[in-house]
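The first residue in the sequence is number 1, and the count goes up from there.
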Amino acid sequence: MKTVYDVIKKPIVTERSMEDARARRYTFAVAKTANKVEIREAVEKIFGVDVESVNTMNYDGKEKRMGATSGTRPAWKKAIVTVTEKSKTIEFFESMI
């Protein structure tokens with residue numbers, strides 16, 4: 001059985017995600033098998049906020065080479081979570097802005 005910490009892997013901290021954080025949109029790397037309902041419930045339980053919407057994107061792993069050997073980086077999934085206006089903000093992202 002998945003816990004909420006198995007669904008949300010880590011926050012994504014980039015210039016773009018910090019700009020989105022000002023508009024109450026937060027970006028997370030999530031489990032490849034997680035769906036939007038699981039992501040919504042996990043964010044609400046971990047951070048105590050009300051989620052308005054969840055948008056997800058799947059990324060394929062890039063092929064990389066080192067000399068004669070080649071391999072693939074792992075595929076991953078990203079979720080952009082929008083929080084309602086009445087809800088509090090996520091403190092982790094607020095400390096970075």
Side-chain angles (χ1 to χ4, degrees):
M1 184 170 143
K2 283 191 232 179
T3 66
V4 291
Y5 298 102
D6 292 334
V7 174
I8 304 293
K9 290 185 176 180
K10 64 182 179 179
I12 296 177
V13 180
T14 61
E15 289 181 27
R16 171 87 186 257
S17 68
M18 292 299 105
E19 285 296 319
D20 283 348
R22 291 191 176 107
R24 294 179 172 261
R25 287 189 302 269
Y26 304 103
T27 309
F28 298 96
V30 296
K32 188 83 170 125
T33 58
N35 60 32
K36 291 183 180 186
V37 175
E38 291 173 337
I39 295 167
R40 173 188 298 264
E41 291 172 355
V43 170
E44 287 178 347
K45 188 170 183 181
I46 292 171
F47 299 106
V49 295
D50 295 326
V51 174
E52 184 177 329
S53 66
V54 176
N55 296 325
T56 59
M57 289 149 270
N58 286 308
Y59 290 96
D60 291 331
K62 293 182 178 180
E63 280 197 33
K64 294 292 178 178
R65 289 190 53 196
M66 292 194 82
T69 60
S70 64
T72 306
R73 288 190 179 168
W76 61 289
K77 189 174 198 174
K78 177 169 85 171
I80 298 176
V81 178
T82 305
V83 177
T84 61
E85 289 294 323
K86 295 180 181 179
S87 177
K88 68 176 187 169
T89 59
I90 296 178
E91 294 174 12
F92 173 81
F93 287 97
E94 293 304 314
S95 64
M96 299 213 163
I97 295 177

Chemist: Any chance NZ of Lys45 has more than 12 other-residue heavy atoms, nucleotides or ligands included, within less than 6.0 Å?
Modeler: no
Chemist: Counting C-beta onward and ignoring hydrogens, is there a side-chain heavy-atom pair between Thr56 and Val30 closer than 4.5 Å?
Modeler: no
Chemist: If we check side-chain contact (heavy atoms from CB on, under 4.5 Å) with Tyr26, which of these qualifies: Ile90, Asp20, Val43?
Modeler: Ile90
Chemist: When you group the ILVMFWY residues by side-chain heavy-atom contacts below 4.5 Å and let the links chain together, are Ile12 and Val4 in the same group?
Modeler: no
Chemist: Would you name the heavy atoms of Ala34 and Val7 that are closest together and state the gap between them?
Modeler: CB-CG1, 3.8 Å
Chemist: First locate atom OG1 of Thr82, then atom CG of Asn55, and finally report the distance between them rounded to the nearest 0.5 Å.
Modeler: 6.0 Å
Chemist: Does Glu38 use its side chain to pair, donor to acceptor, with the backbone of Asn35 at less than 3.5 Å?
Modeler: yes
Chemist: Indicate the atoms forming the closest heavy-atom contact of Lys88 with Gly48, along with that distance.
Modeler: CE-O, 3.4 Å
Chemist: Would you give the length of the straight line joining atom CH2 of Trp76 to atom CG of Asp60, rounded to the nearest 0.5 angstrom?
Modeler: 11.5 Å
Chemist: Roughly how far, to the nearest 0.5 Å, is the CD1 atom of Ile46 from the OG1 atom of Thr3?
Modeler: 8.0 Å
Chemist: Between Val37 and Val81, is there shared hydrophobic-cluster membership here, with clusters defined by ILVMFWY side-chain heavy atoms closer than 4.5 Å?
Modeler: no
Chemist: Does the Thr27 side chain pair with the main chain of Ser17, one donor and one acceptor, at a distance under 3.5 Å?
Modeler: no
Chemist: Taking all atoms of both residues into account, what is the closest heavy-atom pair of Ser87 and Arg24, and its distance?
Modeler: O-NH1, 2.7 Å
Chemist: Can you tell me if CE on Met57 sees more than 12 non-hydrogen neighbours from other groups inside 6.0 Å?
Modeler: yes
Chemist: For Arg40 versus Glu52, what's the shortest heavy-atom pair and its separation?
Modeler: NH2-O, 3.5 Å
Chemist: To the closest 0.5 Å, what do you measure between CD (Glu44) and CG (Asp50)?
Modeler: 6.0 Å
Chemist: Would a single hydrophobic cluster contain both Val83 and Met18, if residues Ile, Leu, Val, Met, Phe, Trp and Tyr are joined by side-chain heavy-atom contacts under 4.5 Å?
Modeler: yes
Chemist: Side chains of Lys32 and Asn58: does their closest heavy-atom pair fall under 4.5 Å?
Modeler: yes
Chemist: Any chance the rings of Phe28 and Phe47 have centres within less than 6.0 Å?
Modeler: yes
